[in-house]
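Side chains are part of it too, since the values below use all heavy atoms of this structure and drop only hydrogens, waters and symmetry mates. This one's a predicted model, so the numbers in the text were calculated from it and none came from an experiment.
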Number of protein chains: 4
Amino acid sequence: MPTSTSKRDHILHSALTLFAERGFDATTIPMIANDANVGAGTIYRYFENKEVLVNTLFQHYVTLFTNTLEENYPQDHSIRDQFHHLFQGMVRFTNEHEHALYFIKTHNAAYFLDDTSREHFNHLLMILQNFIDEGKEEKQIRELPSKALIAIIFGGFLELFKLIRAGDIEASDELLAGVEESCWDAVRHPE
Amino acid sequence: MPTSTSKRDHILHSALTLFAERGFDATTIPMIANDANVGAGTIYRYFENKEVLVNTLFQHYVTLFTNTLEENYPQDHSIRDQFHHLFQGMVRFTNEHEHALYFIKTHNAAYFLDDTSREHFNHLLMILQNFIDEGKEEKQIRELPSKALIAIIFGGFLELFKLIRAGDIEASDELLAGVEESCWDAVRHPE
Amino acid sequence: MPTSTSKRDHILHSALTLFAERGFDATTIPMIANDANVGAGTIYRYFENKEVLVNTLFQHYVTLFTNTLEENYPQDHSIRDQFHHLFQGMVRFTNEHEHALYFIKTHNAAYFLDDTSREHFNHLLMILQNFIDEGKEEKQIRELPSKALIAIIFGGFLELFKLIRAGDIEASDELLAGVEESCWDAVRHPE
Amino acid sequence: MPTSTSKRDHILHSALTLFAERGFDATTIPMIANDANVGAGTIYRYFENKEVLVNTLFQHYVTLFTNTLEENYPQDHSIRDQFHHLFQGMVRFTNEHEHALYFIKTHNAAYFLDDTSREHFNHLLMILQNFIDEGKEEKQIRELPSKALIAIIFGGFLELFKLIRAGDIEASDELLAGVEESCWDAVRHPE
DNA sequence: CATGAATGAGTATTCATTCAT
DNA sequence: AATGAATGAATACTCATTCAT
């Protein structure tokens with residue numbers, strides 16, 4: 001087993017958790033090293049500096065999330081089915097990577113993100129935008145700017161998962177189904 | 001003209017803008033002083049330290065927002081009217097205090113907030129919660145946890161205003177009316 | 001009554017107390033201003049800066065102490081009488097200017113004293129030295145370097161007054177007579 | 001060679017010298033770092049902050065001095081022999097740790113000393129006090145408050161060593177014997 | 001490769017000093 | 001003359017980064 005790969009993963013995982021919980025600026029390299037059970041200097045074997053680390057992390061999880069959404073995308077199904085696929089993707093991704101989506105949400109406009117990170121994030125937005133645009137063409141989704149609709153779904157969904165993570169509400173299947181319905185009603189074309 | 005009051009206000013305003021744009025940890029006292037056109041030491045004449053400054057700021061704007069929502073609250077009108085009042089309050093507050101709501105949103109769970117700040121914020125949430133609870137009783141609002149519904153509206157709305165501030169979309173009356181309708185559909189009881 | 005003179009005196013008096021209690025470096029100008037009931041800026045009307053203030057203060061009290069010792073000096077009396085005069089002078093000066101001698105003692109080798117201050121202090125030492133030298137000539141005082149003997153008396157006496165000021169022992173006439181005898185025995189020529 | 005131990009020692013040694021020469025408040029961390037040939041940040045690897053440093057230093061040398069006085073204490077010998085032991089201990093300690101006793105003397109009443117430091121210092125005083133008390137019982141030492149007698153010896157002795165350090169007088173064996181005799185005469189019971 | 005001790009640039013904060021009122 | 005608000009240089013302390021082991 002390649003130890004070094006495992007170390008790199010530990011570092012990334014610890015960084016994700018800490019960045020999500022405290023934010024980039026309030027997280028120190030020694031904190032990450034300590035949480036990952038490696039020496040502080042070791043982090044610099046894998047990442048040139050703290051900004052490279054956060055960008056690597058950001059790109060990694062944005063890509064992972066993008067893949068989750070794109071995988072088995074029901075292109076030929078109904079808009080409502082597509083929405084279900086996307087929503088389920090968000091739920092699954094959040095379950096698999098506890099802090100990832102919250103980290104993405106709280107850091108996607110940060111001053112330290114490089115061009116590549118921004119491109120990755122834009123690609124993610126594009127998936128949602130394409131869905132919205134198609135939905136609007138088919139008169140299934142209401143006539144509002146795509147970005148606004150994405151903001152409403154994405155914003156609401158993430159704010160919700162913040163509560164779930166904090167333990168304020170419990171993520172039962174029933175709740176998730178209700179939230180999906182609520183979000184769908186927010187974007188779908190009114191009768 | 002009371003210069004000192006004006007200086008305190010300049011400091012608060014600059015801090016609001018910078019905290020909203022970069023976050024508390026990434027904002028230095030010299031940055032604030034520079035933006036407010038005062039000496040770094042001057043900030044300490046008005047605020048004991050950086051944490052007192054951010055808590056003062058937080059409480060100030062949460063109170064202002066709370067007042068905006070509570071003022072002329074249409075307690076005896078329909079739930080839909082109450083929702084309109086709240087939504088309009090959010091819009092008006094955001095127009096009057098460009099960065100305030102985003103600052104509140106991004107800092108309301110921060111490690112440096114004191115008890116008073118948390119109480120103020122909880123009072124704000126209570127207004128929304130009361131509205132939701134009444135709506136659910138009247139079967140006007142769907143059966144989801146109140147916190148979840150608040151998250152969906154609040155989250156979506158703020159994510160949207162982030163876009164408006166960034167210049168990605170324009171805040172026309174038409175757009176706002178559409179967004180209000182969208183948010184309402186997200187929470188209202190489905191037929 | 002010239003108010004400004006009175007203000008200057010208040011400043012000097014407060015500075016003396018605070019420098020004696022906390023030391024020069026741990027005493028701030030606002031502390032002195034506050035204690036003297038004047039504005040901080042006012043201190044700069046009377047003293048160019050903090051170092052000028054401490055040097056003025058030092059010279060003032062060294063001069064006062066010197067005068068106390070020189071006044072009615074019993075040049076033609078016995079060495080023991082001269083010693084009594086000096087010891088009584090120390091006691092009287094300390095009673096009249098509670099913190100002055102301790103301030104002189106704790107600051108006489110400080111890095112911020114200017115040449116004039118050092119000269120004044122040397123003049124004070126000279127009085128004691130002359131007494132010692134005469135006493136040694138007359139075989140009344142033991143054969144040790146004058147500076148050493150001064151150190152022994154001066155050091156012991158001041159350490160004692162530190163205790164009296166701190167309230168650890170009480171300055172009765174009996175105690176003082178005993179201490180004078182003790183100090184005299186330390187310097188007088190042994191049979 | 002354990003570098004880290006040596007670094008810690010260098011820091012302590014530089015701090016001792018500078019605190020003795022300039023006092024705690026007038027000594028900056030960069031001054032100490034510079035004198036110890038370490039980076040300013042290194043000091044914080046060994047001492048939590050400046051106050052911890054000065055307390056560590058104080059306790060270290062008070063303990064060392066206490067040990068020097070207690071070692072081989074001639075409990076069953078005459079009071080004069082005990083005095084000789086104590087005096088020799090002071091001399092030896094001062095020769096071995098040039099600035100230590102002066103540092104202790106000038107900082108033993110400082111506002112930044114913690115309880116442990118005060119306890120250590122009180123223990124040191126207790127040694128001297130016990131000696132004085134026994135001497136008074138045996139009518140070998142004059143009837144003055146113990147604290148006063150300690151002040152006279154301790155004060156005089158340290159004032160003297162300040163002169164020796166400053167190079168004003170030379171510390172020959174002859175001088176020290178004379179000073180010991182002088183100090184003894186100050187405290188011993190007069191015929 | 002991995003480490004963590006060491007560094008010094010950068011941050012929050014204090015305080016001597018100035019100056020408009 | 002007197003004030004105290006305002007300033008910014010200086011200080012204690014932190015932390016990203018380096019490098020000897």
Residue-phosphate contact under 4.0 Å: B/Thr28 side-chain N/O, E/dT11 OP1/OP2: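 No, no such contact exists.
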Short side-chain N/O contact to E/dA2 OP1/OP2 from A/Tyr46, under 4.0 Å: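 The answer is yes; a side-chain N or O of A/Tyr46 sits under 4.0 Å from OP1 or OP2.
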Between [N] atom [atom2] and [X] atom [atom1], what is the distance in whole Å?
X	N	atom1	atom2	value
A/Lys50	F/dT14	NZ	C1'	12 Å
C/Asn34	E/dA16	CG	C1'	16 Å
B/Ile32	E/dT13	CD1	C1'	13 Å
C/Ile11	F/dA1	CD1	C1'	12 Å
C/Lys7	F/dA2	NZ	C1'	7 Å
D/Glu48	F/dA12	CD	C1'	13 Å
A/Phe24	F/dC15	CZ	C1'	12 Å
C/Leu53	E/dC15	CG	P	17 Å

Is there a donor-acceptor pair under 3.5 Å between the side chain of [X] and the backbone N or O of [Y]?
X	Y	result
B/Asp35	B/Ser14	no
D/His10	D/Ser6	yes
A/Asn55	A/Glu51	yes

D/Ile43 vs B/Asn49, nearer the 5' end of DNA chain E by closest nucleotide: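 That would be D/Ile43.
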Toward the 5' end of DNA chain E, by each residue's nearest nucleotide, B/Gly41 or A/Gly39: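 Going by which nucleotide is closer to the 5' end, it is A/Gly39.
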D/His107-D/Phe103 aromatic ring centre distance below 6.0 Å: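 Ring centres of D/Phe103 and D/His107 closer than 6.0 Å.
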Centroid-centroid distance, B/Phe24 to B/Phe112, less than 6.0 Å: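 Yes, the ring of B/Phe24 comes within the 6.0 Å limit of the ring of B/Phe112, centre to centre.
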Within 45° cone of B/Tyr46 ring axis and under 6.0 Å: B/Lys7 NZ or CZ: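 No, a cation-pi geometry is absent between B/Lys7 and B/Tyr46.
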Row check, B/Tyr102 ring normal vs B/Lys162 NZ/CZ: under 6.0 Å, within 45°: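 Here B/Lys162 fails the 6.0 Å and 45° test against B/Tyr102.
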Touch class at under 4.0 angstrom, heavy-atom based, for D/Ile29 against every strand present: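 Sugar-phosphate only.
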Dot-bracket summary - DNA chain E, pairs being Watson-Crick or G-U whose distances fall under 3.5 Å, with | when paired to another strand: .||||||||||||||||||||
Proximal nucleotide (of E/dT17, E/dA12, F/dC13) relative to the B/Tyr44 side chain: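 Minimum distance to the B/Tyr44 side chain belongs to E/dA12.
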Residue whose closest nucleotide on DNA chain F lies nearer the 5' end, C/Arg45 versus D/Met31: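 By nearest-heavy-atom nucleotide position, the 5'-most residue is C/Arg45.
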